[in-house]
Amino acid sequence: MKFCPKCGSYMRPKGNSMVCPKCGYKEEGVENITFTEKKSHDRDVTIVADGRRIKGGVALNLCPRCGNAVVIKIGKKYKCRACGYIF
């Protein structure tokens with residue numbers, strides 16, 4: 001990762017040189033940069049309802065019945081983890 005010596009912005013590779021997108025400073029030679037993306041699905045949960053398995057995600061929303069803040073989002077609906085109310 002290389003930063004511009006003039007303005008301090010992150011420099012990006014362009015051809016065989018590094019270029020600052022903010023001020024236009026150019027430096028010959030390209031650093032080897034590896035971009036990785038890691039997705040975490042640890043918030044996904046499996047819900048068993050009426051013998052069926054449903055994939056859902058944990059969301060922060062207030063339950064209108066009990067006021068619990070952690071609910072499970074299933075499609076466009078939410079299910080409270082504390083009282084089971086679906087809204």
Side-chain angles (χ1 to χ4, degrees):
M1 188 176 250
K2 187 130 179 128
F3 294 95
C4 178
K6 284 186 174 180
C7 67
S9 184
Y10 171 70
M11 294 184 70
R12 297 188 178 152
K14 188 173 186 180
N16 289 335
S17 60
M18 298 291 283
V19 179
C20 176
K22 195 171 187 180
C23 71
Y25 177 79
K26 193 180 224 182
E27 194 173 283
E28 291 301 317
V30 178
E31 262 186 42
N32 288 335
I33 301 173
T34 305
F35 292 102
T36 59
E37 183 176 334
K38 183 178 179 183
K39 291 187 179 184
S40 176
H41 297 286
D42 57 339
R43 293 179 61 109
D44 289 348
V45 293
T46 301
I47 306 151
V48 179
D50 298 329
R52 296 183 311 155
R53 291 181 177 264
I54 302 168
K55 285 280 188 184
V58 177
L60 294 174
N61 200 350
L62 290 177
C63 174
R65 181 182 283 171
C66 71
N68 185 31
V70 180
V71 294
I72 298 169
K73 185 174 181 181
I74 308 167
K76 293 184 179 180
K77 294 187 176 189
Y78 295 95
K79 181 177 180 180
C80 178
R81 291 182 78 182
C83 68
Y85 182 67
I86 296 175
F87 57 99

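Residues take their numbers from the sequence shown, with the count starting at 1. Just so we're clear, the structure is a prediction, and the values are computed from it rather than from any experiment.
In plain terms, the two heavy atoms of Pro5 and Met11 that are nearest each other are CD-SD, 4.4 Å. Counting all heavy atoms, side chain and backbone alike, Tyr25 lies closest to Cys4 at CB-SG, 3.8 Å. Gly67 and Leu62 make their closest contact through O-CD2, 3.5 Å (heavy atoms, listed as atom of the first residue, atom of the second, distance). The minimum heavy-atom distance between Pro13 and Met18, with the atom names listed, is CA-SD, 3.8 Å.
To the nearest 0.5 Å, atom NZ of residue Lys14 and atom NZ of residue Lys26 are 7.0 Å apart.
Listed by chain and number, the residues in a side chain to side chain contact (heavy atoms under 4.5 Å, CB included) with Ile86 are Lys77, Lys79 (sequence neighbours excluded).
Using cut-offs of 30° and 60° for the angle between ring planes, the Phe87 and Tyr78 rings count as parallel.
In this structure, the side chains of Tyr85 and Cys66 stay at 4.5 Å or more apart for every pair of heavy atoms.
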